[in-house]
Structures are given as structure tokens and as C-alpha cells.
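Quick notes on the structure that follows.
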Amino acid sequence: MNTVANDTPIITITLIDGPLGVSCAALPLLGDGACTVGAALKFEGIVRAQEGERVIAALNYEAYRPMADRLLEQLAREVCIKHGLVRVAVEHSVGRVAVGECSFRLTIDSAHRVEALLAMGEFIDRMKIDVPLWKRPVFHNDVDERASHER
Amino acid sequence: MNTVANDTPIITITLIDGPLGVSCAALPLLGDGACTVGAALKFEGIVRAQEGERVIAALNYEAYRPMADRLLEQLAREVCIKHGLVRVAVEHSVGRVAVGECSFRLTIDSAHRVEALLAMGEFIDRMKIDVPLWKRPVFHNDVDERASHER
Amino acid sequence: MKVKVLLFGPERDAVGASSVVVEVAHGASAADVLGALASQCPSIANAVRAARLAVNGEFAQRDRRVLENDECALIGLVSGG
Amino acid sequence: MKVKVLLFGPERDAVGASSVVVEVAHGASAADVLGALASQCPSIANAVRAARLAVNGEFAQRDRRVLENDECALIGLVSGG
């Protein structure tokens with residue numbers, strides 16, 4: 001349960017093993033601050049069947065932790081302050097996420113739509129440059145590639 | 001249940017009496033087309049407690065139908081084609097929607113995030129110029145304003 | 001001929017009615033209907049100048065001819081979302 | 001001194017190991033560590049030139065001094081989301 005006090009933005013960062021299920025990080029806001037939210041924006045990144053030319057079975061995500069967590073938090077805080085957002089919730093998968101499943105969810109609550117849309121584009125662009133997260137395609141009938149890296 | 005055949009975009013327009021509950025229009029896609037969706041974006045417009053300087057209890061939405069439905073459909077089709085989207089689902093309230101409740105929901109599915117974010121901004125901007133929908137604030141302890149217009 | 005124009009939103013509030021019947025000549029255009037509406041309802045004359053007329057549920061060009069039984073609607077500033 | 005550098009993503013695949021130990025002089029900078037890594041692992045030399053070094057979980061300036069027990073990580077092109 002998230003309640004809003006004063007003008008402190010709410011930031012949550014969640015790295016989850018495997019695909020993201022129904023969001024727990026981004027339940028509707030309660031409390032005084034909730035009444036200031038006019039725009040609730042949610043982006044979900046879904047694993048596509050094709051990676052370049054090849055058909056894939058899944059993506060395997062890897063994070064350098066805790067650096068990834070800290071950079072996501074820092075980035076969320078920066079866009080929150082810059083755009084005056086009420087809440088930013090970030091969820092990202094680590095490990096295997098099959099085609100059609102969700103690996104990344106960004107939830108933004110703000111007073112108006114314009115800042116939410118701007119902040120969303122900005123967060124994702126910067127995440128894809130700065131946050132130590134990697135994905136590796138898993139092809140059908142692959143032996144699990146992960147094992148070969150644990151030597 | 002929505003299944004995707006070929007490259008035909010899926011467009012649904014739903015005008016609902018009162019606040020939007022959990023979305024039925026925008027269930028996850030099934031079928032071949034679903035595997036091409038890499039970005040699922042959802043915007044919800046929530047009624048805020050304040051309208052200008054005054055604290056409000058609700059907004060009363062009014063639509064000129066069926067013109068509003070048709071223009072929403074046409075607008076959805078145009079942004080679908082322009083940005084190569086897989087699906088656009090529009091839900092909008094008519095009638096009273098209390099503070100904190102959802103009056104508008106736009107769901108966009110596309111291959112990549114960039115076109116989904118662009119299309120979302122564009123759809124909402126154009127809706128607010130062209131689609132015959134109006135809102136009227138309802139203040140606390142107001143007598144129902146609607147009655148005074150039915151004379 | 002008489003043409004009925006539906007009103008919505010702020011214009012309906014200002015006039016205090018959900019429609020107004022205006023008198024225009026046969027062969028009148030959408031622009032003529034808007035002009036007659038502005039004359040007849042001075043409280044919304046400014047809004048009418050910035051508004052569009054919809055005829056049978058479609059935005060009408062200013063020179064579109066309006067017939068007696070057409071459904072006309074004044075579309076001022078909208079505010080959906 | 002010996003400095004261990006963690007590898008991730010494409011660089012780990014190319015080298016075939018999740019870390020590499022490089023030999024640098026005492027007082028070496030982040031740039032020195034990257035240089036040693038490029039020399040020692042030619043298969044990722046190009047990637048290293050475009051990569052950043054993280055020291056103890058933070059991106060390091062090129063002139064940042066690296067100590068023997070620092071946790072170093074090569075951050076090449078990332079691909080989250």
C-alpha cells in the first residue's frame with residue numbers, strides 16, 4: 001500500500017527473477033497525494049518472437065547488481081524531480097523471459113499527461129545507455145547457454 | 001478475446017456510462033500477431049481533485065454521439081496506420097466520474113516503444129481538439145447540474 | 001427555412017438550452033447557419049466564431065449547403081480525456 | 001598489482017569467462033585498467049575502447065585511481081528493457 005505524504009515522490013525499483021507477473025509495485029495510490037494524479041502511464045516491454053532475422057524462444061537477462069538497482073533508482077529520482085512526477089515504479093526481469101512475456105514495466109503517475117510521456121521516453125532512453133542490464137537471445141532447442149558461462 | 005490475423009490493426013472504441021473499471025477492451029493479445037508486440041503502453045486519465053482554483057467532487061462528461069465514436073475510431077485508425085501499430089483500444093467515460101476515478105484509457109500495442117509513445121501523445125492531442133466530448137466540473141454539495149440543462 | 005442546431009458544453013450552459021432553431025434562407029451554407037446562430041444568441045457569439053458546425057455528424061466546410069432536416073451541431077472547444 | 005575485472009554480456013561471451021585478472025602498476029587509473037584489459041583480451045579490444053569501467057559499482061572517471069581490492073566491472077553496450 002502506497003500513501004503519499006507531502007510532495008515526496010514515490011520511487012520503487014524491483015528486479016525479479018523471471019517474467020514480470022501482475023504488477024504489485026504499481027498499485028493505485030492512496031492518500032492525499034493520490035488526488036493530484038491526473039495521468040497514470042504504464043509501459044510494458046514484451047519479449048518479441050524475432051531478434052534480428054532469427055526466431056527466438058526467450059531472452060536471458062543479466063544484471064550487474066547492486067549497481068543496476070542503484071542506477072535505476074537514481075535515474076527514477078532524476079526524472080521524478082525534473083518532471084515533477086508523483087510516482088515512478090520500475091520493474092525489470094533477471095534471467096529467462098519467454099516470448100510474449102513481460103520483462104520490463106515502468107509505471108509513472110503525474111498531474112498531467114505531458115510530463116508523464118516525456119519522462120517515460122527519457123527514462124527508457126537513458127536506461128538503455130547507462131544501466132548495467134544485458135539480454136541474450138535463447139533459440140529454440142538451445143542447450144541452456146547460461147551453464148557455459150559458469151565455468 | 002482478440003486474435004491477430006495478418007497485419008490488420010485491431011481498433012476498439014468503447015464509451016462507457018460512468019467511471020472506467022478494469023479494462024476489458026485491452027486484454028492481452030493472442031494469436032500470431034501477439035508475438036510481434038514488443039511494447040504495450042497504457043494511459044489512464046484520472047479525475048483530479050482540483051479544477052483550476054476550486055476543489056471538485058467529480059467531472060460530468062458529455063459526448064455527441066455517434067459523432068464522437070466515429071471520430072475516435074477514425075483517429076485511432078489514422079495513428080495505427082501512420083505508426084504501424086498492432087492495436088489501439090480507446091475507452092472513454094460518459095456521465096459522472098468522481099475524483100480519483102478513471103475517465104479515459106488508451107491502450108497501444110506496437111513492435112517498439114518509440115512509435116507507441118509518439119502515437120499516444122498524438123492521439124490524445126488530437127482527441128482534445130477534434131472529438132466532441134466535454135467535461136463539466138461538479139462541486140461538493142452541488143445540486144445535480146445536469147437537471148438545469150434539461151429544460 | 002428553420003434549422004435546428006444542437007448545443008453542447010459551455011455553449012449549452014451559456015444559452016441554457018440543448019438546441020436552438022435558427023432561420024436561414026433556402027440554400028444556406030454552414031457559415032450562414034453559424035452566422036444566424038451568433039446573431040440570435042449573442043451570449044455565445046464569440047464562441048461561435050471559433051467553433052465548427054457539424055452536419056449529420058461530420059465537420060462541415062464553411063460553404064457546405066445545409067438542408068432543413070440535417071442534424072446540425074455546434075462544436076466549440078472540446079474537452080475530452 | 002592484480003585487479004579483477006568482471007565481464008558481462010557480449011564481452012563475457014567473447015572472452016568466455018565472467019572475469020579477467022589484469023596486471024597494472026600501483027597507482028593505476030581506470031584508463032590503465034581498461035588498457036591492460038584490451039591488451040590481454042584482443043577479442044574485446046574494440047568493445048573495451050567504447051566501454052566504461054565501473055569501480056565499486058559506480059562509473060569511474062578515466063583518471064580515477066584503482067586499488068587492488070576494488071570491484072571493477074567492464075560496462076560495454078548495455079541492453080536492458
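In what follows, chains carry the letters A, B, and so on, assigned in the order in which the sequence lines appear, proteins first and then strands, with residues in each chain numbered from 1. All heavy atoms count here, side chains included; hydrogens, waters and symmetry mates do not.
In terms of heavy-atom proximity, B:L71 sits nearest to C:F59 at CD1-CE1, 3.6 Å. Of all heavy-atom pairs between B:S103 and C:G81, the closest is OG-O, 3.7 Å. In terms of heavy atoms, C:I75 sits closest to B:P132 at CD1-CB, 4.0 Å. Here the closest non-hydrogen pair linking B:L133 and C:V78 is O-CB, 3.5 Å.
Heavy-atom distances place the side chain of C:L6, and not its backbone, under 4.5 Å from chain B. Neither the backbone nor the side chain of B:L59 comes within less than 4.5 Å of any heavy atom in chain C.
The environment of CG in C:L77 is sparse: at most 12 heavy-atom neighbours from other residues, nucleotides or ligands sit within 6.0 Å. Residue C:R65 places its CZ atom among 12 or fewer non-hydrogen atoms of other residues, nucleotides or ligands, all under 6.0 Å distant. Environment of CD in C:Q61: sparse, with no more than 12 heavy atoms of neighbouring residues, nucleotides or ligands closer than 6.0 Å.
A heavy-atom distance below 4.5 Å is found between the side chains of C:R12 and B:R136.
Taken from CZ in C:R52 to CG in B:D130, the straight-line distance is 4.5 Å, to the nearest 0.5 Å.
Using cut-offs of 30° and 60° for the angle between ring planes, the C:F8 and B:Y64 rings count as tilted.
Chain C forms more heavy-atom pairs under 4.5 Å with one residue of B:M67, B:M127, B:H92 than with any other, namely B:M67. Counting heavy-atom pairs closer than 4.5 Å to chain B, the top residue among C:G57, C:S79, C:G80 is C:S79.
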